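For ligands, and for the atoms within them, numbers begin at 1 and follow the listed sequence. Quick caveat: nothing in here was measured; it's all calculated off a predicted structure.
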Amino acid sequence: MASTDAGVTGPTRARIEERTLRQDRWWLSPLATFVVFTAFVVYATVRAFMGRDYYASPYLSPFYSPCLGDCVEGASDFGQPFQAFPLSAALIILVFPLGFRMTCYYYRKAYYRAFWLSPPACGVAEPHSAYSGETRFPLILQNAHRWFWYAAVVVGLILSFDVVLAFRNEDKEWGHMGLGTLLMLVNVILIWLYTLSCHSCRHAVGGRLRHFSKHPVRYRLWTWVSRLNVHHGRYAWYSLFSVALVDLYIYLLAIGAIDDVRFF
Ligand code: FES
C-alpha cells in the first residue's frame, strides 16, 4: 500500500499533537540498537576490507570462511577458485552472511526502528507520512530471506568444519584445544541457534502442511524450531557479538599482540 494518507497523519487517524503519549524510556531500545549495530558494521567493514590477519593457525576468522580468494597459507580448505580476485577474500563470501542478517525478520524490526524510525517504538508516531512497506524496490528484496537461509545453512556447516579443524595444532596433529578453539565452538553453537531459530527455517520444516498428524517428523522438527524461534532475537545478538569476538581474538593472535591460551 503506497499512499500519503497511510501514515499517522492520515485522515482516519486520531488528531493527537504529541508524538507519543508514552511516559517510559521507549527511546532506550532503538538507541542501544543503533549504537551497537553501528559499532558492529564499522568493525566488520574494516575487518572485511583489511584482507590480512584473519588466520592464526589453526584458527580461521569466520569473516573469511570459506577463504576462496588469494588467501594466506593454511587458510583455504576448499581451494582458491577466486585467487585472481583483487580485493579482500572476505568480500567474496560476504553477501551470504550479510544478506542473511540484513533480511532477517528480527533485524528488520530492529533496524527499521533504530535507523528509519519507522516507527521508533510501539505507540510512537513515525516521522514519515507515506508508507509502502516492503512492496516495492528495494525493500521487496527482503523476500529473498528464505534463499539466504539455505546459504546460511551451508555457511554454518563450513564454520562447524572450521571448529573441527581448530582441534588440531599448527602441525595438524589432533588433540589441541586452546581458547581460540573454545571461542570458535561457542560461536558456531550460537550461529546454529540463530540459523535454526529463523522464521524461514520454521516454515521450511513445518510450513504448507494441511495435517501435522500425517507428517509426524516434520511436526516434531517444527515443534523444536518453534521453541528456539521464541528466542530468535536473543540469538541474533549473541551470535553477532560472538562472531566479532572470535574475529578479534584471531586478529590479535595474528598480529602477535597476544598468545593463545592452551588447555591441552
Ligand atoms: Fe532472523 Fe531468519 S528470521 S534469520
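- Taking the six-membered ring for Trp, F100 and Y150 have ring centres at least 6.0 Å apart.
- Atoms of ligand 1 found under 4.0 Å from any heavy atom of F100, numbered from 1 in the order shown, are 4 (S).
- Here is the list of ligand 1 atoms found below 4.0 Å of a heavy atom in Y194: 1 (Fe), 4 (S).
- When ring centroids are compared, Y105 and H232 stay outside the 6.0 Å threshold.
- Rounded to 10 degrees, the SG-metal-NE2 angle spanning C104 and H232 at atom 1 (Fe) of ligand 1 equals 110°.
- Heavy-atom proximity to C198, at under 4.0 Å, picks out these atoms of ligand 1: 2 (Fe), 3 (S), 4 (S).
- A donor-acceptor contact under 3.5 angstrom links the side chains of D260 and Y249, judged on distance only.
- Neither the backbone nor the side chain of W149 comes within 4.0 Å of ligand 1, counting heavy atoms alone.
- In this structure, R113 forms no cation-pi arrangement with F34, as its terminal cationic atom is not both closer than 6.0 Å to the ring centre and no more than 45° off the ring axis.
- Taking the centre of each ring, Y235 and Y194 stay at or above the 6.0 Å mark.
- With 2.8 Å as the limit, H199 does not count as an N, O or S neighbour of atom 1 (Fe) of ligand 1.
- Contact annotation: H145 places no N, O or S atom under 2.8 Å from atom 1 (Fe) of ligand 1.
- For residue C201, no N/O/S atom approaches atom 2 (Fe) of ligand 1 to within less than 2.8 Å.
- You'll find the ring centres of F167 and W174 outside the 6.0 Å limit.
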